[in-house]
Q: 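Below are the structure tokens for one structure; questions will follow.
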Amino acid sequence: MVYGGSSWTGGVVVRPAPPVQTDGAMTILRQRLHDEMDIRGLSRDTKLAYAGWVSRLARYYDRSPDQINDQEIRAFLLYLLRERKVKQGTMGSVISALRFFYRRVLDRPTKAIEEMLPRAKKPNVRPRVYSPEQVGRLLQVEGINLKHRTMLMTTYAAGLRVSEVVRLRAEDILSERGQIRVVQGKGMKDRYTVLSPRLLEALRAYWRVYRPTAGWMFPSRKRAFHHLSKNAMIRVFGQAAKKAKLPHYGGIHSLRHSFATHMLEAGVALPVIQRMLGHSNLATTSRYLHVRRENIAELKGLLEAIDPKALMEPAA
């Protein structure tokens with residue numbers, strides 16, 4: 001199949017197809033898919049995911065995707081759900097990829113695509129977060145080098161996604177303003193987040209030792225002029241979390257959840273946290289309201305606001 005490339009999506013590895021003889025029609029479909037994604041300015045990760053899922057569908061039937069009928073597409077989705085145990089969140093990516101391909105590349109009617117590829121209801125999962133004490137254990141674990149420690153510290157202290165951490169450049173660290181500039185984050189949007197004095201100190205100490213090249217704050221050790229890969233950073237977190245004996249809360253993204261929750265507990269307004277996280281919808285950020293710890297012992301009871309005389313037992 002011509003849809004080469006690989007991506008890791010929810011436990012399913014989409015591996016490159018073995019080289020086979022392909023006809024011109026299949027090559028044209030592949031090119032049209034990439035053209036449509038480029039025109040709409042989809043992110044690199046989205047392009048990899050979409051091309052990967054279309055490739056997997058084609059390899060599953062060993063046919064070009066324009067020759068696969070609706071019943072076969074349905075059978076493929078059920079295979080992913082029942083046999084591969086793909087999570088609902090990942091299934092959303094599968095549906096989006098196939099909808100894009102059949103609508104934009106094969107020009108199928110929208111209504112027909114919606115019936116063929118219905119969107120499942122998203123599960124309402126509350127983020128699970130680490131306590132500040134657990135984050136401290138993670139950052140102080142034995143055997144972690146300065147570069148890896150600084151990456152994890154940056155992820156937590158600035159509330160960044162993994163893709164945003166590995167793509168940080170030196171010019172994105174705005175020390176005088178106390179901010180970190182996130183360039184073309186999720187949704188191809190720029191934003192600013194907090195740069196705390198302690199994080200700035202840690203980044204400077206790291207810079208003095210490593211002197212990173214090619215502009216990247218965290219360059220790849222194996223590939224010249226490239227930043228560290230997301231998978232490499234995910235492995236770093238997994239190893240450190242295991243040594244620190246932390247519970248598995250969904251991987252390194254839990255540090256971003258922890259950032260948002262701890263900011264909320266510190267009294268930072270929800271719209272400010274929304275801007276730092278880069279959420280388009282305040283409702284996305286508001287889910288952290290259900291996660292934060294309430295200092296119940298410090299809350300005043302409602303009766304304390306009432307005149308004490310009104311609470312006295314009336315005379316007989």
Side-chain angles (χ1 to χ4, degrees), residues 8 10-11 87 89-90 122-168 180 182 185-186 191 193-203 205-206 217-218 228-270 272-279 283-298:
W8 173 261
K87 296 180 180 180
T90 303
K122 291 184 178 180
N124 185 16
V125 180
R126 293 180 180 178
R128 302 187 68 181
V129 304
Y130 295 119
S131 68
E133 294 76 18
Q134 288 175 314
V135 175
R137 276 167 39 202
L138 176 74
L139 298 177
Q140 295 172 0
V141 70
E142 292 184 4
I144 188 172
N145 64 39
L146 178 60
K147 179 180 180 180
H148 294 167
R149 181 174 181 271
T150 306
M151 290 191 305
L152 295 177
M153 186 182 296
T154 303
T155 306
Y156 167 70
L160 300 178
R161 301 178 178 91
V162 176
S163 58
E164 296 166 350
V165 176
V166 298
R167 292 189 175 100
L168 274 180
I180 293 177
V182 180
K186 187 175 181 179
R191 73 178 193 277
T193 187
V194 62
L195 171 65
S196 68
R198 185 170 292 182
L199 177 58
L200 176 59
E201 181 181 344
L203 288 170
Y206 157 75
M217 284 296 298
F218 304 111
L228 192 72
S229 71
K230 292 196 305 180
N231 285 342
M233 188 169 173
I234 290 171
R235 287 194 297 269
V236 167
F237 170 81
Q239 294 166 0
K242 185 177 181 179
K243 290 180 179 179
K245 298 181 178 180
L246 297 184
H248 182 72
Y249 282 166
I252 191 171
H253 202 68
S254 58
L255 291 181
R256 178 171 154 91
H257 293 323
S258 301
F259 162 86
T261 304
H262 297 165
M263 280 286 180
L264 198 59
E265 292 173 350
V268 179
L270 202 62
V272 175
I273 299 175
Q274 176 193 5
R275 291 194 294 272
M276 289 192 292
L277 292 175
H279 290 161
T284 305
T285 316
S286 65
R287 61 183 175 163
Y288 295 106
L289 289 169
H290 304 290
V291 181
R292 65 175 180 172
R293 297 177 299 176
E294 299 287 1
N295 297 320
I296 296 176
E298 299 177 7

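Note that the structure is a prediction, hence the values are computed from the model and not measured.
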Q: So which heavy atom on S286 is nearest to which on A283, and how close?
A: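 Looking at all heavy atoms of both residues, the shortest contact is OG-O, 2.7 Å.
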Q: Listed by chain and number, what are the side chain to side chain donor-acceptor pair (under 3.5 Å) partners of R191, not counting sequence neighbours?
A: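 For R191 the side chain to side chain donor-acceptor pair (under 3.5 Å) partners, ignoring immediate neighbours, are E164.
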Q: Are any of the side-chain heavy atoms of R128 and H257 separated by less than 4.5 Å?
A: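 No, too far: nothing below the 4.5 Å cut-off.
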Q: Can you tell me how far apart NE2 (H262) and CD1 (I273) are? Round to the nearest 0.5 Å.
A: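 The CD1 atom of I273 is 11.5 Å from NE2 of H262, to the nearest 0.5 Å.
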Q: Indicate yes or no: at least one non-hydrogen side-chain atom of T150 is less than 4.5 angstrom from one of K147.
A: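 No. Closest side-chain heavy atoms not under 4.5 Å.
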Q: Step by step, would you call L168 with L160 a side chain to side chain contact (heavy atoms under 4.5 Å, CB included)?
A: CA-CA 10 Å; L168 274 180; L160 300 178; 4.0 Å; yes
Q: R287 side chain to T284 main-chain N or O, any donor-acceptor pair under 3.5 Å?
A: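 Yes, R287 side chain to T284 backbone: donor-acceptor pair under 3.5 Å.
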Q: Report, as yes or no, whether the 6.0 Å neighbourhood of atom NZ on K186 holds more than 12 heavy atoms from other residues, nucleotides or ligands.
A: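 No, NZ of K186 has 12 or fewer neighbouring heavy atoms, counting only those of other groups under 6.0 Å.
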Q: Stepwise, does the side chain to side chain contact (heavy atoms under 4.5 Å, CB included) test hold for F237 with L255?
A: CA-CA 10 Å; F237 170 81; L255 291 181; 4.1 Å; yes
Q: Check whether any side-chain heavy atom of F259 sits under 4.5 Å from a side-chain heavy atom of V135, and report yes or no.
A: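 Result no, sub-4.5 Å side-chain heavy-atom pair not found.
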Q: Might you work through the side chain to side chain contact (heavy atoms under 4.5 Å, CB included) test for F218 and T154, ending with a clear yes or no?
A: CA-CA 11 Å; F218 304 111; T154 303; 4.2 Å; yes
Q: Within this structure, what is the CE-CD1 distance for the pair M151 and I144, rounded to the nearest 0.5 Å?
A: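 Going from CE on M151 over to CD1 on I144, the span is 7.5 Å.
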Q: Can you check whether G250's main-chain N or O pairs, donor with acceptor, with S254's side chain at less than 3.5 Å?
A: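 Checked: no pair found.
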Q: In Å, rounded to the nearest 0.5 Å, how long is the span from CE of M217 to CD1 of I180?
A: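 So the gap between those two atoms works out to 8.5 Å.
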Q: When rounded to the nearest 0.5 angstrom, what distance separates CG in L277 from OH in Y288?
A: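 So the CG of L277 and the OH of Y288 are separated by 6.0 Å.
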Q: In Å and rounded to the nearest 0.5 Å, what is the OG to CG distance from S196 to L199?
A: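 That separation rounds to 4.5 Å.
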Q: Report the C-alpha distance between T261 and L264 in whole Å, list the side-chain angles of each, state the deciding distance to 0.1 Å, and finish with yes or no for side chain to side chain contact (heavy atoms under 4.5 Å, CB included).
A: CA-CA 5 Å; T261 304; L264 198 59; 5.6 Å; no
Q: When rounded to the nearest 0.5 angstrom, what is the spacing between CZ in R137 and OG in S131?
A: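 The CZ atom of R137 sits 7.5 Å away from the OG atom of S131.
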Q: Please collect all salt bridge (charged side-chain N to carboxylate O under 4.0 Å, His left out) contacts where either partner lies in residues 148-160, sequence neighbours excluded, each pair once.
A: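 Found none.
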Q: Write down the atom of T193, the atom of V182, and the distance for their closest heavy-atom approach.
A: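 Taking T193 first and V182 second, the nearest heavy atoms are CG2-CG2, 4.4 Å.
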Q: Mind checking whether Y130 and Y249 have parallel, tilted or perpendicular rings, split at 30° and 60°?
A: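 The arrangement is parallel - the two ring planes meet at less than 30°.
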Q: Would you name the heavy atoms of Y206 and L146 that are closest together and state the gap between them?
A: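 Between these two residues, the closest heavy atoms are CA-CD2, 3.8 Å.
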Q: At their closest point, which heavy atom of L152 faces which heavy atom of A240, and how far apart are they?
A: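 The pair with the smallest heavy-atom distance is CD1-CB, 4.0 Å.
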